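Predicted model, so just to flag it, every value in this text is computed and none were measured.
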Number of protein chains: 2
Amino acid sequence: MTDEGRRNVRDLRRANRARLLRQLYFHGPLSRQDLIQATGLSSASVSNVVADLLDAGLVVEAGAVESEGGRPRILLRVDTSCFEVIGIDVGETRIRLERFDLGLAELAALDLPVVGGSLDQEAVVAAIAAGLAELRAGAAAPLLGVGIGVPGIVQHQPYAVVHGQTVGWDAFPLEERLREHTGLPLFIDNGATTMAQAEMWFGAGRDADSAVFLLLGSGAGASVIADGAPFRGSTTSAGEWGHLNVQYQGRRCRCGARGCLEAYVGAEAVIARYAEAAEAAGVAGIDAQDEEETLRLILAAAEQEGPAGEPARSVLDETAVRIGVGIANVVNFLNPQRVIIGGWAGLALAPVLLSRIREVVREHALRLPYSLTSVDLGALGADAVARGAATLPVARLLEAGA
Amino acid sequence: MTDEGRRNVRDLRRANRARLLRQLYFHGPLSRQDLIQATGLSSASVSNVVADLLDAGLVVEAGAVESEGGRPRILLRVDTSCFEVIGIDVGETRIRLERFDLGLAELAALDLPVVGGSLDQEAVVAAIAAGLAELRAGAAAPLLGVGIGVPGIVQHQPYAVVHGQTVGWDAFPLEERLREHTGLPLFIDNGATTMAQAEMWFGAGRDADSAVFLLLGSGAGASVIADGAPFRGSTTSAGEWGHLNVQYQGRRCRCGARGCLEAYVGAEAVIARYAEAAEAAGVAGIDAQDEEETLRLILAAAEQEGPAGEPARSVLDETAVRIGVGIANVVNFLNPQRVIIGGWAGLALAPVLLSRIREVVREHALRLPYSLTSVDLGALGADAVARGAATLPVARLLEAGA
DNA sequence: ATGACTTAGTTCGAGACGTGATTTAACCTG
DNA sequence: CAGGTTAAATCACGTCTCGAACTAAGTCAT
């Protein structure tokens, strides 16, 4: 029982304004006639609501459609220059801040390395505060808010608190700490979720209203979008796709259990399995600087003809199989319109493995849901997390309609 | 973008009426003052809306609260006798029809065996039509509608079509076929979903807003409740828990793939596995009339000391393990507040296996989500599917408020 | 050019709703 | 039976959406 219901006539107007604004934001310039169709409102109401939005400066006229014998339709569009937003990607090794206009076109960016191996909380707060100050300086329009994607579970109680096991954050009160430095509205969410949000708005998830985004990096996570909104479990930690059990008494996973998907498909697992396979086959191992480099070399090794490439091919094939089974599970259980593979390891592996992955999905998924699902790569690059974070204040604006 | 938004003031009234009616339905007799608190409406509006509902006959006065010095509060309640509903559970071996009042108190029931091993479509239609006619005869109030829980995926296009891979239904146009026999509004949904709905309204899911219900019968399904509402995939076929792959290249499942959970945990699979194990151990097999009887005998066999009970014990232990792993997957991936085991086979097996199941879940689930989840039995008996089916017309009434 | 025609967008009056203030109803206490 | 107290109904007002009437801005045929 969400308490978000409309109660009085003013709420009704707000809802209709939001509906109309949303339509204009996502479906380009539209005429009032188009809006009548799209929103189901009467022409009189559309005129009124549009007048509201024009007055507020959120919407502007944008030329006219050629006449077909009558008065030409005047096109309307959201004025993307009337507000700006800031999106921040707090990664494990660096913080990226970007400033966008309301249409999420990038206006400025800033990369801050975080000193020290781990993400020291004080350093993060100081870096964000400094970066915000710098980015604000160049703004040509009022800032709507700041969205932040963080590597961990976010709980709102009521201010955002971050639990980041991999970066050593235990109930880090990020929002309260940042409030000391800025009066801007803050929106904090998990980085995987913000990335999914960016893909939903501008990338591979456009025009879908249910999708599952798989994030293959060192490990394997997921973000589930249902009915256009992120699905959160009861404690907002849903999406641990990597810890689906796919093999009873299988490989040991770093979470302690056996047979987790993540013990087979994350970059860390692929690299470990290759090391074993190479040793068993008497092929030289790979010793590169970091995981990204190692993964590239394994992909290259698979191109070698003959027995030298055999371990790599075998490891990659099993990886494709496991990913495919993991996707089939998601397809059977959640039946999303799309499954999108992202994350740096996913984007590296999937181009090579995609057709094999799809084959395995087809074998293991039920016919009906499979036939209605597509499996694809993410369409946005590495800045999807920051961009997705920036969508958070914009989403708030679209919901409120003011 | 659901098109379910309020547009004009009459929709607003309908929404407020629905909100108020819902409150009265689920939270017992309430006074107008209580409703002001609960709905956030003004006293004037509550008076108006209540007058609407009194006029419509949906709500009646129900005594008064004792005065505390002023005018006493008059209690209001939904008149559960003003409508009746019928709920039907189409199981794999029998069809159960029940008639309820609006408060879902059972008024009459009817059990129809389905002749033939499989669920012949014509036989199902004929049985339902006959059962409906018989149940309608005794009704003392207008029938609101008929809810039907079926073993398969339901698509509305716009009439309900059922895809039941396991019972051999391929796009079975159940709704159209039944329309030839009755003019009552029909509501058709997956049986696991209707069971979940019943448990959410009246059973183990009360006061939770996210839960996963497992339906163990001949096969194995699930229903996911998120934010108090059933989660449906893009094509309303979500919840195929039984076809999560838990063993690469494992047992052949009747869906065609290998290693599905359902190849291990449904009654059919348990029985098949016991037959194999008994033969291998040289123990006499079980040849009972139906699956329910057979399952009971297997459970009894496990009580036998010595080698005679060994095959049964081993099969049941593996069943517990597989169920536990399947639950752990759900816990990790969706992080529900509760996991509820139901279905006739689940209710038969779980009392014996529950502690072992919980142990396996603990081993395979991540610490944090596990610590916030409970695994329990369904609180409603075997008629939860039919009762849940009957909630569908009621839910429609509560949403429409008329 | 000009007037008929067509389509887009605005304005107006009616009807419906929710709200706060006010009034009426129903009970208690002494 | 008067005075106090709380519950519920009523009233006056402002806001909303809607359909219809109306104005604006084009095209097209003559």
Side-chain angles (χ1 to χ4, degrees), chain A residues 3-21 23-24 29-56 59-77 401-402, chain B residues 3-21 23-24 29-56 59-77 401-402:
Chain A
D3 210 0
E4 195 45 62
R6 326 270 161 255
R7 282 181 185 76
N8 57 33
V9 284
R10 309 189 69 152
D11 295 330
L12 184 59
R13 164 60 69 99
R14 189 175 331 158
N16 282 333
R17 192 166 47 203
R19 178 199 305 265
L20 203 149
L21 184 59
Q23 195 66 224
L24 278 177
L30 294 172
S31 69
R32 289 175 180 80
Q33 296 296 316
D34 299 328
L35 289 170
I36 292 168
Q37 294 271 329
T39 63
L41 293 171
S42 68
S43 65
S45 294
V46 168
S47 270
N48 279 328
V49 175
V50 166
D52 271 14
L53 292 171
L54 286 170
D55 276 355
V59 164
V60 292
E61 298 192 346
V65 154
E66 211 151 294
S67 163
E68 295 168 6
R71 176 174 174 174
R73 301 180 174 190
I74 296 171
L75 291 175
L76 303 161
R77 65 171 175 83
Chain B
D3 212 359
E4 196 44 60
R6 327 269 160 255
R7 281 180 185 76
N8 57 33
V9 285
R10 311 189 68 153
D11 295 329
L12 184 59
R13 165 60 69 99
R14 187 174 332 156
N16 282 334
R17 193 167 45 203
R19 178 198 305 265
L20 203 148
L21 184 59
Q23 196 66 224
L24 278 177
L30 294 171
S31 69
R32 290 176 179 79
Q33 296 297 316
D34 299 328
L35 289 170
I36 291 168
Q37 293 270 331
T39 63
L41 293 170
S42 69
S43 68
S45 294
V46 169
S47 270
N48 281 328
V49 175
V50 166
D52 271 13
L53 292 171
L54 286 169
D55 275 355
V59 164
V60 291
E61 298 193 347
V65 156
E66 210 149 294
S67 163
E68 295 166 5
R71 175 174 174 175
R73 301 181 175 188
I74 297 172
L75 291 176
L76 303 161
R77 66 171 175 83

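- Residue Asn16(A) places at least one side-chain N or O under 4.0 Å from the OP1 or OP2 atom of dT17(D).
- The separation between Asn8(A) atom CG and dT17(D) atom C1' is 14 Å, rounded to whole Å.
- One can place CG of Leu35(A) at 14 Å from P of dT17(D), the figure rounded to the nearest angstrom.
- Note that the CG atom of Asn48(B) and the CZ atom of Arg13(B) stand 5.5 Å from one another [nearest 0.5 Å].
- For DNA chain C, the span of nucleotides reached by chain A at under 4.0 Å from its heavy atoms goes, 5' to 3', from dT6(C) to dG18(C).
- One interatomic measurement links the two molecules: CG of Asp11(A) to P of dT17(D), which rounds to 12 Å at whole-angstrom precision.
- The shortest distance between the side-chain N/O atoms of Arg7(B) and the OP1/OP2 oxygens of dC16(D) is not below 4.0 Å.
- Between Arg13(A) and Glu68(A), the one whose closest nucleotide on DNA chain D sits nearer the 5' end is Arg13(A).
- One interatomic measurement links the two molecules: CZ of Arg19(A) to P of dC16(D), which rounds to 16 Å at whole-angstrom precision.
- Rounding to the nearest 0.5 angstrom, the gap separating the CD1 atom in Ile74(B) from the CD atom in Gln33(B) is 11.0 Å.
- Both Ser45(B) and Leu75(A) lie close to DNA chain C; mapped to their nearest nucleotides by heavy-atom distance, the more 5′-ward contact belongs to Leu75(A).
- Within the 3.5 Å criterion, the main-chain N or O of Gly401(B) finds a donor-acceptor partner in the side chain of Arg17(B).
- Between Ser47(A) and Ser42(B), it is Ser47(A) whose nearest contact on DNA chain C lies nearer the 5' terminus.
- Inter-residue side-chain proximity for Glu61(A) and Leu75(A) is flagged as unmet; no heavy-atom pair is nearer than 4.5 Å.
- Proximity of Val46(B) to Thr39(B): side-chain heavy atoms (C-beta onward) are separated by under 4.5 Å at one or more points.
- DNA chain D is contacted by both Val46(B) and Gly69(B); Gly69(B) maps to the nucleotide lying nearer its 5′ end (nearest heavy atom per residue).
- In this structure a side-chain-to-backbone donor-acceptor pair under 3.5 Å is missing from Arg73(B) to Ser31(B).
- At whole-Å resolution of the value, CG in Asn48(B) and P in dA8(D) are 14 Å apart.
- Nearest nucleotide to the Arg71(B) side chain, out of dT23(D), dT17(D), dT6(D): dT6(D).
- Rounded to the nearest 0.5 Å, atoms CG (Leu35(B)) and CG (Leu24(B)) are 5.0 Å apart.
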